Amino acid sequence: MVDLKNTDVALIMGSNMAENHPIGMKWLGEGRRVRGTKIIHVDPRYTRTSVVADLYCPMRSGTDIAFLGGMINYIIQNKLYHEEYVKAYTNASYLVADGFDFQDGLFSGYDAAKRTYDNKTWDYQYAEDGTTILKDPTLQNPRCAFQLMAKHYLRYDIDSVVKITGSPKNKYLEVIKLFATTSAPNKTGNIMYAMGITQHTVGSQNVKSFANVQLLLGNMGRPGGGINALRGENNVQGATDMALLFHIIPGYIDSPMNTAAQKNLLSFVKAVTPGAAKVPATNMAEFRAAVAAGIPNSGFKINTSKWVVSMLKAWYGDACTEANDWAYHYLPKRDAAKNYSHIAMFEAMYKGEIDGLFVMGSNPVVGGPNANKEQAALTKLKWMVSVDLWLNETSDFWTFRAWERPHGGTHHTETFEPKDIQTEVFFLPACAVYEKEGTAAQTGRWVQYRWKGADEVGQSKSDLWIVDQLSKKIQELYKGSTRPEDEPLTKMTWGYGHGEEPEPINVGLEYSGYFVADGKPIAGGFANLKDDGSTACGNWVYCGQMATKPDGSLLYKPQKRDNKDNSKTGLGLYSNWGWCWPVNRRIVYNRCSIKPDGVTPWEGDADRVLIHWDPTNVSDPTKPDVVGAWVGDDVCDCAKTAPPDKAVPFLMRPEGTGCFFAAKGSFKEGPFPEHYEPWESPVKNLMNSQAVNPASKIWEPDKKGTTADYPYIGTTYRVVEHWQTGALTRTMPWLAELMPNMFVEISEELGAIKEIKNGDKVIVSTTRGDIEAVACVTKRIKPFVVDGEQQHMVGAVWQYGFKGYATGDPANRLTPHVGDANTMIPEYKAWLCNIRRA
Amino acid sequence: MTRLMTNLYDSSKCTACRGCFTACKDSNQLPAVFDKSYFGGPGNGTYDSKDGDTDANTYMMIRFNETEDPVDGVRWNFLKWQCMHCMEPACLAVCPKSAYTKLDWGATFHDEDKCIGCQYCTYACPFGIPKYRKHTDTVTKCTLCYERVAEGLTPACARSCAPGAVKFGYRDELLEEARIRVKFLRANGFPRATIYGETELGAGTNKLYILTDTPDKFGLPVNPQVEGNTVFWQDWVQPYAGWLIPLALGGSAVSFVTSRVVANKNEEHGKGGHA
Ligand code: SF4
């Protein structure tokens, strides 16, 4: 966040940063003060962020790829890219396999029946050895990634783009030109985004478009650069790190599946280690030897087996040995044919496939897509445990008020009476964040320990206490069992202190990692992890956050509070404030902050160099013959002693470079982002004849609204006065006073058409349901001119429900069950609706 | 004379998060009063609380002014709205009970113990700020957090402002800062940027604004005036008001002014006298 002050141009797109991330916004303000940072805001609405931006450009919701594709095309056609950076630090020069093709919105390998791709051809050309990727350093070969990308985006000329996005042409050009100034070697530009980018059927590809822009302009891995996800909630970062998603285990490793191909640890690590599938090893010892010898095109993830075994060791302790395949069989395996994302879970629940549900810090009756259906799904449960500060809409989903629906809705929605709902509901009162201790990881991966600020209220308990008790009680129930299927519980290590209240520092030690022999923390970080049972580490990316103090006690680095900036040029690294994963590296890919030779700064940008190559430095006194190392104010994001020509900047990628062409399984819908319309859209796709993302999962094809009944674009968002589903803030009188009522915003033009005045009660409808709201008729929303026709938008705040002081219908009763092809994040941000006076 | 201390509000930095609004309510322990039927101001289409004015339980608020013109397009001008702590306060001039005093460092202090709720100040105030509170039978307004300032703290609003749009300090220093800022803004897309409060009402006010546009675009009077009859009040009515008003409230005298006072005592009201 502090790094925002180092940027020359900030592009805020799909985020209402000033409202939802006011403290982050402060650092852009600092940038303005110290270096005249310019701020661009691109959004369907003129918001409080637009007010503080230097340049605002509207864009129809769901057309980000067109918007950014036009930017990519303009940058390439006008040779505005940072050529030296592109050649050295990206895969621009890599030749792509001949079989790779793109025709009318479809990449090679599409299976229309299954709505999936076979990505075999999404690969590079290799030399005879089958592993060396062929390249053309001049970027002239028509099959190189750069030329293929240039060709792909040639269709995205300015006029075609604004026809799709509805942006005023002059504003659009202004945005492109201003942001492209950051390709100068002495300038950097930063992109900030939030849910306005991700909550689409093309969410992941929206972000990939950012990556292409930033790599072209040479903005990755440099202070003031980067692509920054503004997380929707503090510690969402931490939750993701700890694998609060169904498809990964801690540290972003794919979670194991129940397939024959992943039946044991060896087959699993072969599957999840890039390039390892063909390694001929028949046991872990041979695999270990192959890793030691090096696997081509694997990148740093070649070490995955060490992270997995260390995690198993942390979880199963003495019961995790070479002899029992490191307890791999204890790990739950997901069904390869199933999807466990939010939408899928509620669909399964609705079908009666799920008996029980734990809801912690979540309120799906307000926050879930297609909330009418999700609320109905809760009635199919046998039991539900709700853990929250207040009885929220989800814990009270069975009450009378929960089923009140606006009169005169356009169609029937399922409602229930409390007496007909059999779900047994338990409520556990939880502590607020200030009433408990522990770490939180923010957007910039800084992990900061927070001490308790106030005592808990009544019988409320911290989440850690609740989970700890739950685990202990379950283990107690299985105590003495000798059944092998109970072993994942009976053999699980569990113990975080001796008192009633678990000690966060003990949890921290487990995921930071320790040597099994003496229990001492692995202070040196994940390079020390082994897959021979000698190290235990719950989450490799956090390895090294714990060290031993001279007096033998634990040094928990997230507790550090040294507010002195260690950057000699005032970049605001603050490396001794908290701790940052990985290995306290504050700016990732920082190898790019200096020229490829490792010693020359980018022209005119000496102040933003983070690391450089010192050919005489001996970094490890125990190895005096290893001379030369990367040094600087930040921790280098490349092999410490690898000379500049070997020190690749994007370690985690098998290629070692930033990728314009996202090979193989990187994305479900193709190596280059292509514009598709949202699932429900008022217009046809002007770029190709595919309507929606061809790889997206459509859950309810019959619920697709059409313009005949639902002519307007709907979108959702938050306001600064309320927090997420409002459970915290709608119960706060002063905040409820500021935003007391559910409201929707429409343009004066739409207001005139529908005879809706400001303050009128209106009904907004989709195929999923109806809501009642107060209309805010405003100049800040304007119709979009798309392909010559006016398209209107209805904007709905999604933070209301029937509990608390500030109440109103949840906007998510309107949103669809359809999601991004990769992440399954719901398409909250673009759908079709109708509106009329109530 | 003690060096004047004041608040400087920079509209170009404000994100209308309303942290100051909440901090003010917290610091002054003012209750939330909300009307479920309400959204924005009628015909307003913006995010104003209530009808965009201070009231008995709201000493300060952020006002949202939507403007549109062919050159700049849509703009949303935020304004922190509260007592301006005028250098020569009309409220002080008209108050029959001398409930108002000017503190040496600049705050216009209103003593609720002396106040009889007659609301002459409300009518005299060029901004219509003081508001009647029924259960205490007094008017209320922003105190410039004089108690906090006395303890060496900054006013609650300034303390809470994350983007640094509200500052508290010496008036001369803040004025200097404001001049530099306005110069910068004029050169960077806001040619009509201006300082408000330096010379308004002659002597100026002890709250300073940096505006990105002309005052009317922020709903402020471009040339605020103290009504002419204020002088009349001060010289003629005030000396007698001490006994005139109780009589009036008792219903024995019928005059233009006093009947207005009686009527206004019936309910708390959110509108200034000039509305
Ligand atoms: S706290 Fe500051 S930014 Fe927020 S509304 Fe008040 S003055 Fe504006």
Side-chain angles (χ1 to χ4, degrees), chain A residues 16-20 22-26 28-30 32-33 36 38 46-52 54-56 58 168 171 719-721 732-748 751 757-761 773-782 805-808, chain B residues 10-19 21-26 29-51 55 57-58 61-62 64-69 72-78 160-165 181 184 187-190 212:
Chain A
N16 184 1
M17 188 177 181
E19 293 209 39
N20 298 325
I23 301 300
M25 196 72 198
K26 181 177 173 164
L28 279 183
E30 180 67 4
R32 276 191 157 162
R33 198 179 67 77
K38 291 274 179 246
Y46 185 93
T47 67
R48 288 181 241 199
T49 303
S50 324
V51 173
V52 285
D54 296 277
L55 175 58
Y56 165 70
K171 288 279 168 200
V719 290
V720 66
E721 291 81 358
M732 259 290 298
W734 289 324
L735 297 177
E737 180 185 27
L738 293 176
M739 281 290 183
N741 258 332
M742 170 61 195
F743 66 100
V744 295
E745 292 178 300
I746 59 170
S747 64
E748 292 177 342
K757 291 190 309 303
N758 190 55
D760 281 353
K761 284 250 167 69
V774 182
C776 174
V777 183
T778 171
K779 300 182 200 306
R780 291 172 285 105
I781 288 185
K782 295 274 182 245
Y805 299 112
T807 57
Chain B
D10 184 345
S11 72
S12 73
K13 289 186 180 162
C14 174
T15 60
C17 70
R18 302 201 265 186
F21 188 133
T22 314
C24 176
K25 287 227 159 182
D26 180 22
Q29 285 299 297
L30 298 169
V33 181
F34 51 95
D35 170 4
K36 286 302 300 164
S37 65
Y38 146 83
F39 172 74
N44 191 328
T46 186
Y47 291 178
D48 280 345
S49 267
K50 313 288 162 34
D51 46 8
D55 64 28
N57 296 306
T58 308
M61 68 187 335
I62 294 291
F64 296 75
N65 296 279
E66 265 184 22
T67 66
E68 186 169 22
D69 71 47
D72 300 320
V74 173
R75 282 214 174 141
W76 210 9
N77 294 329
F78 308 137
S160 72
C161 182
R181 181 72 185 161
F184 172 84
N188 284 278
F190 300 101
T212 49

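Since this is a predicted model, take the numbers as computed values, not measurements. Chain naming here is simple, since letters A, B, ... match the order of the sequence lines and numbering starts at 1 in each.
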Asks: Specify the closest pair of heavy atoms between B:Gly164 and B:Lys13, including all atoms of both residues, with the distance to one decimal.
Replies: O-CD, 3.8 Å

Asks: Do you know which two heavy atoms are closest between B:Gln29 and B:Asp26, and how far apart they sit?
Replies: NE2-O, 2.7 Å

Asks: Non-hydrogen atoms of chain B under 4.5 Å away: do they reach the side chain of A:Lys38, the backbone, both or neither?
Replies: side chain

Asks: If we define contacts as heavy-atom pairs under 4.5 Å, which of A:Arg48, A:Arg32, A:Met732 has the most with chain B?
Replies: A:Arg48

Asks: Using the rule side-chain contact (heavy atoms from CB on, under 4.5 Å), only one of A:Asn758, A:Asp760, A:Val744 pairs with A:Val777; which is it?
Replies: A:Asn758

Asks: Kindly indicate, with the supporting measurements, whether the criterion side-chain hydrogen bond (donor to acceptor under 3.5 Å, both in side chains) is fulfilled by B:Ser12 and B:Arg181.
Replies: CA-CA 10 Å; B:Ser12 73; B:Arg181 181 72 185 161; 2.9 Å; yes

Asks: Given a strict heavy-atom distance threshold of 4.5 Å, which part of A:Ser50 is in contact with chain B: side chain, backbone, both, or neither?
Replies: neither

Asks: If you define the side chain from C-beta out and look only at heavy atoms, does anything of A:Pro168 sit under 4.5 Å from A:Pro58?
Replies: yes

Asks: Quick check on B:Leu30 against chain A: is it the side chain, the backbone, both or neither that has a heavy atom closer than 4.5 Å?
Replies: backbone

Asks: Distance under 6.0 Å and angle within 45° of the ring axis: does B:Arg18 meet both against B:Tyr47?
Replies: no

Asks: Under 4.5 Å heavy-atom distance to chain A, tell me which part of B:Phe21 shows up: side chain, backbone, both or neither.
Replies: side chain

Asks: Counting heavy-atom pairs closer than 4.5 Å to chain A, which one of B:Pro163, B:Gly19, B:Gly189, B:Ala16 comes out on top?
Replies: B:Ala16

Asks: Would you mind telling me which of A:Met25, A:Glu721, A:Glu19 has the largest number of heavy-atom pairs within less than 4.5 Å of chain B?
Replies: A:Glu721

Asks: Given heavy-atom pairs under 4.5 angstrom as the criterion, report whether the side chain, backbone, both or neither of B:Thr58 touches chain A.
Replies: side chain

Asks: So which part of B:Asn188 gets closer than 4.5 Å to some heavy atom of chain A, the side chain, the backbone, both or neither?
Replies: side chain

Asks: Specify which of B:Arg75, B:Lys25, B:Glu68, B:Met61 makes the most heavy-atom pairs with chain A at under 4.5 Å.
Replies: B:Lys25

Asks: Write down the atom of B:Pro31, the atom of A:Trp734, and the distance for their closest heavy-atom approach.
Replies: C-NE1, 4.1 Å

Asks: Quick one: what part of A:Leu28 sits under 4.5 Å from any heavy atom of chain B, side chain, backbone, both or neither?
Replies: neither

Asks: Between A:Val51 and A:Tyr46, is any pair of side-chain heavy atoms under 4.5 Å apart?
Replies: yes

